[in-house]
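Inspection log for the structure reproduced underneath, given as C-alpha cells.
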Amino acid sequence: MFRVPPLLPSQRLLVVSSRSGASAADHIVSCLLSILDYFPLPSAPRESIDPSTAAGLIHLIVKFSTDRPSDTDPILVKGGERLLIALESCVSQIKPVCTIDEIIENTSQKFFSESSDPSPRMESSSRSETPTGIGSLLVTAGPSSTQNEQSLVTLLSQGGITAAAISVNAVAGAIVAILNTRGTPILASFDRPVESRVWDGRVLAKVLTDMSPSLNWSEVFLHLDTPSFTVKDRAALVFITNTFNTAFCGKSWPMQLLYREWKNMAGQVGWLQQIVENADVCCLADHTHKPVNTHTLKVQYDDPNKEVANWKCLELTDTLLKVSDSMRPPENQRVTKVFHTGLAVCPDIVLLAFLQLPGPLTDSRIGLMNVFVPHLIATHYNVVPVLNVMWNCSNLSTRLMHGFIIRSLSNYYLKNPDDQAKLTKILDIAHELKPSGLSELFELGNFNFTIDLACLASKRDYLKLEKWLEDQEKDHGEPFVMAVMHHTRRRLPSSAASAYMNQEMFATLNSFMQKHQNETSATRLEYNQLMNHMTRLQCTGVD
C-alpha cells in the first residue's frame with residue numbers, strides 16, 4: 001500500500017500529491033472519504049484519523065484549490081489540483097449521489113458548528129459560515145500547532161484570525177473540536193510520527209487571551225454545553241484542564257457552570273467521570289465547593305488524597321444524582337459507573353453526601369444507597385459512625401433510613417446464616433446505633449435471624465434470653481415457637497454449634513420449648529421430633 005508522509009506541515013499533502021502522481025492523491029482522498037463514511041475501501045485503513053480531522057482536510061483541499069495566493073509554489077498548486085480532481089472523481093462514485101458542496105455543508109454542521117444556546121444572557125456571535133475558523137484551523141493543523149505560542153500565533157495569523165474573530169462561540173467551538181479529535185492527526189496509512197502528539201491547552205489559552213484580552217472565559221465555559229462536547233479520555237482532560245487553569249490564571253473555575261443543568265448531560269457526566277478517574281490531573285476540591293461534613297468519621301483520610309478530595313465536594317454527588325434522575329435507563333448507567341468509582345475509593349464519604357443533600361429521596365438515590373449501605377457494612381471501618389448519622393438523619397425520612405439499615409443488616413446475615421463472624425459484626429453495629437438500634441432489629445419478622453441474634457446478644461448480656469423468648473411468644477404465638485424449635489434443630493448437628501450454643505443457652509431454649517410444646521398439635525409434634533433427633537445424636541456420639 002502507498003505510504004503517505006505525516007500531515008504536519010499540511011503542505012506535505014500537496015507535495016506528495018504533486019510529486020507522486022494521481023495515485024497518491026486518489027489514495028489520500030479515498031481514505032478521507034472512507035473515514036467520513038462516504039466512500040468504501042476494499043480493506044480498512046491500518047490507522048485512521050478521527051472524522052473531524054478528515055473533514056477539515058477535505059475542506060482544506062477545496063479551499064486551497066479555489067482560494068490561494070497568487071504567488072503559491074507551483075509544486076503546491078499542482079498537488080492541490082490533483083487532490084481536487086481526485087475528490088471530484090471519488091465523489092462522483094458515491095451512492096446515493098451527492099456533491100462536494102453537500103459534503104462540505106454536512107461536515108461543517110457536524111464537526112465545525114460553533115453556535116450554542118442563543119440565550120439573551122450569553123454573548124451573541126454570528127455562526128461561522130465556513131469551516132475556516134479557529135476550530136477548523138487547529139484541527140486541520142493538528143496538535144503541533146500548540147507546541148509553542150509562536151507556532152499558534154503564526155497559524156492563526158495565516159488563517160486570517162484577528163481579535164474580532166476570537167469570540168466566545170468561536171473559542172468554545174475550537175475547544176470542542178479539539179476534544180473530538182484523537183490527539184494525533186495520522187491519515188489512513190500514515191506511518192511516520194508527527195512533531196507533537198498532544199494538544200497544549202496552556203498555549204491555546206495564553207495566545208487567545210493575549211490576542212483578545214477582553215475574552216470572557218466564563219462565557220466560553222458556558223458555551224461548552226453543545227451536543228458534540230465530550231471529554232473522552234485522560235488526554236482530553238489534561239487539555240481542557242490546562243486550558244482553563246491558564247485562562248483563569250490558576251484561580252477557581254466558575255464551577256457553578258459545571259454543576260448546573262446541562263442540555264448535553266452525557267458530555268457533562270463524561271467530564272466529571274474523567275475528573276473522578278484522573279484526580280491527579282484535575283481535582284474539584286481545588287476549586288470553590290461545599291465540603292461534605294466528615295467530622296463524624298472515626299478514621300479520617302489523608303488530606304493529600306485527591307481521589308477522596310473529589311468526593312468531598314458535595315456538588316459532585318448532587319450533580320450526578322440530578323443527572324441520573326433526568327436520564328432514562330440505560331443512559332443513566334454511566335452515572336452509576338461514576339458512583340462505583342466512589343464506592344471503591346471512599347464509600348463512607350459518598351454515603352454521607354447522600355445523607356447531607358436535601359430531599360426528595362429519588363429513585364436514583366434510593367438505588368445507590370441500596371448499594372452503598374451493604375458495601376459499607378461488609379467492608380468498611382467507618383461503618384458505625386456513618387450508619388449512626390444515617391440512623392439519625394434529619395434531612396430524610398427517619399422511617400426510610402432505619403429501613404435501609406435494618407434490611408441491609410438482615411440481608412448481610414442471609415448471605416451466610418452460619419457465619420458467626422458476620423452475626424457478631426451485625427450485633428456490634430446494631431448495638432452502636434443510638435437510640436434503639438438493637439431493639440428495632442429484633443422487631444424484624446425473620447425469626448431465624450432474630451433468634452440467632454438474641455442468643456448471641458445474651459452472651460454479651462445485652463438482653464435476658466428467657467424474657468425475650470417469652471415476649472416474642474406473646475406477640476407471635478405458634479409461629480415463633482416453631483421457629484425456636486427449627487432453630488435448635490439446625491444448630492445441634494453442627495460441630496460449630498457447640499461454640500454457639502453452650503449448655504446454659506440450650507437449657508434456656510429447651511425450657512421455653514417444653515413450656516410451649518402443647519400450644520398446638522403442630523408444636524407438640526415438632527417438639528417430639530426434636531427430642532428424637534437429639535436422642536439419635538447422642539447415640540451416634542455427637543455432643
Practice item. For Glu478, look at atom CD and say whether over 12 heavy atoms of other residues, nucleotides or ligands are found less than 6.0 Å away. Key: yes
Query raised in the report: More than 12 non-hydrogen atoms from neighbouring residues, nucleotides or ligands closer than 6.0 Å to NZ on Lys322, yes or no?
Result: no
task: Could you tell me whether the side chain of Gln268 reaches within less than 4.5 Å of the side chain of Thr319, counting heavy atoms only?
output: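 Touching, per the 4.5 Å side-chain cut-off.
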Result for side chain to side chain contact (heavy atoms under 4.5 Å, CB included) between Phe372 and one of Ile377, Asp348, Leu351, Val386 points to Leu351
Side chain to side chain contact (heavy atoms under 4.5 Å, CB included) with Trp271: of Asn264, Leu224, Val276, Thr230, only one passes, and it is Leu224
Under 3.5 Å, is there a donor-acceptor pair linking the side chains of Asp419 and Tyr412?
->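 No - no donor-acceptor pair under 3.5 Å links their side chains.
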Could you go through residues 400-410 and list every donor-acceptor pair under 3.5 Å that involves a side-chain atom there, pairing it with any protein atom two or more places apart or in another chain?
{"from": "His402", "atom 1": "ND1", "to": "Glu440", "atom 2": "OE1", "distance (Å)": "3.1"}
{"from": "His402", "atom 1": "ND1", "to": "Glu440", "atom 2": "OE2", "distance (Å)": "3.1"}
{"from": "His402", "atom 1": "NE2", "to": "Trp391", "atom 2": "O", "distance (Å)": "2.8"}
{"from": "Arg407", "atom 1": "NH1", "to": "Gly403", "atom 2": "O", "distance (Å)": "3.4"}
{"from": "Ser408", "atom 1": "OG", "to": "Phe404", "atom 2": "O", "distance (Å)": "2.8"}

Practice problem: For the residue pair Phe480 and Phe512, categorise the inter-ring angle as parallel (less than 30°), tilted (30 to 60°) or perpendicular (more than 60°). | Solution: perpendicular
How are the rings of His287 and Trp253 set relative to one another: parallel (under 30°), tilted (30 to 60°) or perpendicular (over 60°)?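 Taking Trp253 first and then His287, their aromatic rings sit tilted (interplane angle of 30° to 60°).
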State whether [X] and [Y] are salt-bridged, where the test is any N-O pair (Lys NZ or Arg NE/NH1/NH2 against Asp/Glu carboxylate O) under 4.0 Å.
X      : Y      : answer
Asp428 : Arg460 : yes
Arg489 : Glu526 : yes
Asp318 : Lys290 : no

Discussion item. Between Phe442 and Phe449, does the ring-ring contact (aromatic ring centres under 6.0 Å, His included) criterion hold? Intermediate values first, please.
Written reply: CA-CA 9 Å; Phe442 279 129; Phe449 174 42; 8.3 Å; no
